[in-house]
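Only one structure is covered here, and it is reproduced in the block below.
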Amino acid sequence: MPGDRDVFRAPNGTHDVLPPESDRWQALVAAFATRAGRAGFGMIVTPIFEHVEVVQKLGSSTDAVRKEMYDFDDKGGRHLALRADGTASVARAFAQHQPVTPWKVWYVAPNFRYERPQKGRYRQHWQVGVEVLGVDDATVDVEVIALAHDFYRNDLGLRQFRLLVNSMGDAETRTRYREVLLRHWHAHEALLGAEMERAEANPLRILDSKRDDWQEMIETAPQIGDYLTDAAAADFETVQLGLRALGIDFEIAPRLVRGLDYYTGTTFEFQSDVLDAAQNAIGGGGRYDGLVEQMGGKPTAGIGFGIGIERGLIVCDAEAVFGGGDPEVDVFVIDTVGGVAGLTLVAELRAAGLSADRAYGNRSMKKQWGAADRAGARWGVLLAPRELAEGKVGVKELATGDQIEVKREEVAALLQTRRDTSSS
Ligand code: HAM
């Protein structure tokens, strides 16, 4: 056995997902796919790396681009970057393929950000998310928010989370707001120090800082809600009316500008009450009406969200919901005959639609029954020399210990019928 030092480990900030934890991942993604499919979304798969300019559209003043981007030159000298989120790739794909609108897509994919790793914050994290392109209608914002909300509440079973919503207004709103905000930052130049440069580049970015010594300055900053144009205010009103009509609780968070530069109009975030404030966001999103154009496409409205899978599951653990479920093994084959008898029987059982497994490598009968128990199998099927010589196998229901002998060629059909009648 090599010492610990000699074992390769996954890179810092990344992690493996092993069974049975991966069963929960699969269940989470399946639930999301079903919900998104029901709402008219089709799945999109985009490359894990993009031209660096695509990822840079998250914003030159964002942490994701300034400090955390995984960019590299490939062997052909192209400057590429690993995706940092799903939205940039989806907007790029939309600009490239020019699909018919409305275009509604969902995804499950890893994202890469060179963050300081800690619980709930990784250098490779996964998101499920949706994006709607080509619909400039605030009631769609409500649909998108409701999809995420219902996924948390009804699919995962979470209760201890809050929905925060805000509006970043339209272009005119943001121009006016940036000016007054920058004036506020200038009044605190001493406190901002070298970060004043960042405040100048995009005054909004200072608002998402979690620095303790800045919180008072941030809390006293002007609020975007006071600068919304009439049109932007009307859209935000529609969003709030829609959420109320669907019975979805929310809070207005006037400083919620989110950490990426592409946002326009509605922004929202789901925060869990059971996580530390530094990474309590379990999902978020908003409108990004200028992003497709920045990718070289035609001006196109866009809205979507991303939900962190790892954080979602940490929160499920804390709330004791969305557990792993029982392993699904119908039949475990106990084989004391050897050769291909066990191999052919499990193949036959699986072909009949049963989930079937067996022990490998000539283990003792006792160990094989132990393995059947650990697998959570409903039935053990015993292949032993005497029974097999008579063309029979033993079938034991593990929960009750009831045992019968049946003809070898009938066992698959018999167990299939029993499974189907008990599950119907
Ligand atoms: P985001 O807020 O950067 O938004 O990420 C969405 C979610 O991904 C977060 O709420 C969090 O749950 C999870 N997440 C983000 N970074 C990490 C990390 N380093 N480790 C673990 N989990 C993380 C976006 O990415 C936008 N693309 C969302 C969106 C879609 N906006 C419009 N459409």
Side-chain angles (χ1 to χ4, degrees), residues 12-15 17 28 32 36 41 44 46 50 54-55 57-59 62-65 67-70 82-94 103-133 140-141 144-145 147-148 151-152 156 158 161-166 168 205 208 256-272 274-292 301-316:
N12 216 1
T14 72
H15 54 93
V17 185
L28 180 150
F32 190 80
F41 290 81
I44 183 167
T46 61
E50 295 276 357
V54 170
V55 179
K57 297 290 186 274
L58 269 53
T62 62
D63 284 348
V65 171
K67 301 188 196 156
E68 300 167 357
M69 201 166 60
Y70 276 89
L82 300 186
R83 48 183 289 155
D85 85 335
T87 313
S89 298
V90 167
R92 192 270 307 144
F94 181 89
W103 198 53
K104 296 166 77 175
V105 291
W106 75 271
Y107 49 81
V108 51
N111 301 297
F112 304 86
R113 300 180 191 179
Y114 192 78
E115 306 231 38
R116 195 164 58 77
Q118 52 193 293
K119 189 174 182 201
R121 190 174 291 282
Y122 310 102
R123 291 186 174 160
Q124 173 176 335
H125 76 276
W126 286 73
Q127 288 181 25
V128 288
V130 304
E131 311 290 348
V132 180
L133 278 299
V140 170
D141 304 22
V144 164
I145 296 172
L147 203 162
F151 173 70
Y152 289 126
L156 299 186
L158 295 173
F161 66 88
R162 284 168 304 135
L163 164 61
L164 308 182
V165 296
N166 192 20
M168 308 276 298
R205 282 292 66 84
D208 7 90
L256 181 74
V257 293
R258 311 237 328 118
L260 306 168
D261 278 356
Y262 51 59
Y263 287 113
T264 61
T266 310
T267 51
F268 55 96
E269 197 159 275
F270 292 89
Q271 295 184 352
S272 167
V274 300
L275 290 178
D276 291 345
Q279 55 270 336
N280 65 354
I282 49 173
R287 273 209 169 264
Y288 45 88
D289 289 349
L291 189 58
V292 170
I303 179 160
F305 64 75
I307 286 177
I309 296 187
E310 293 90 349
R311 270 188 218 178
L313 289 175
I314 290 174
V315 170
C316 287

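First listed ligand is number 1; within each ligand, the first listed atom is number 1. Values below: every heavy atom of this structure, side chains too, minus hydrogens, waters and symmetry copies.
Judged purely by distance below 3.5 Å, without hydrogens or angles, the side chains of Ser89 and Glu50 pair a donor atom with an acceptor atom. Glu115 and His125 share no donor-acceptor pair across their side chains, judged by distance under 3.5 Å alone.
Classified by interplanar angle (parallel below 30°, tilted 30° to 60°, perpendicular above 60°), the ring pair Tyr70/Phe112 is perpendicular.
Not counting sequence neighbours, the partners of Asp289 by the side chain to side chain donor-acceptor pair (under 3.5 Å) test are Arg287. Every residue was checked against the ring pair (Phe, Tyr, Trp, His ring centres under 6.0 Å) condition with Tyr107, not counting sequence neighbours, and none meets it. Among residues two or more places apart in sequence or in another chain, the side chain to side chain donor-acceptor pair (under 3.5 Å) test is passed with Glu269 by Arg258, Gln271.
Residues with a heavy atom under 4.0 Å from ligand 1: Asp85, Thr87, Tyr107, Arg113, Glu115, Gly120, Arg121, Tyr122, His125, Gln127, Glu131, Arg258, Leu260, Tyr262, Tyr263, Ala281, Ile282, Gly283, Gly284, Gly285, Gly286, Tyr288, Gly304, Phe305, Gly306, Gly308, Arg311.
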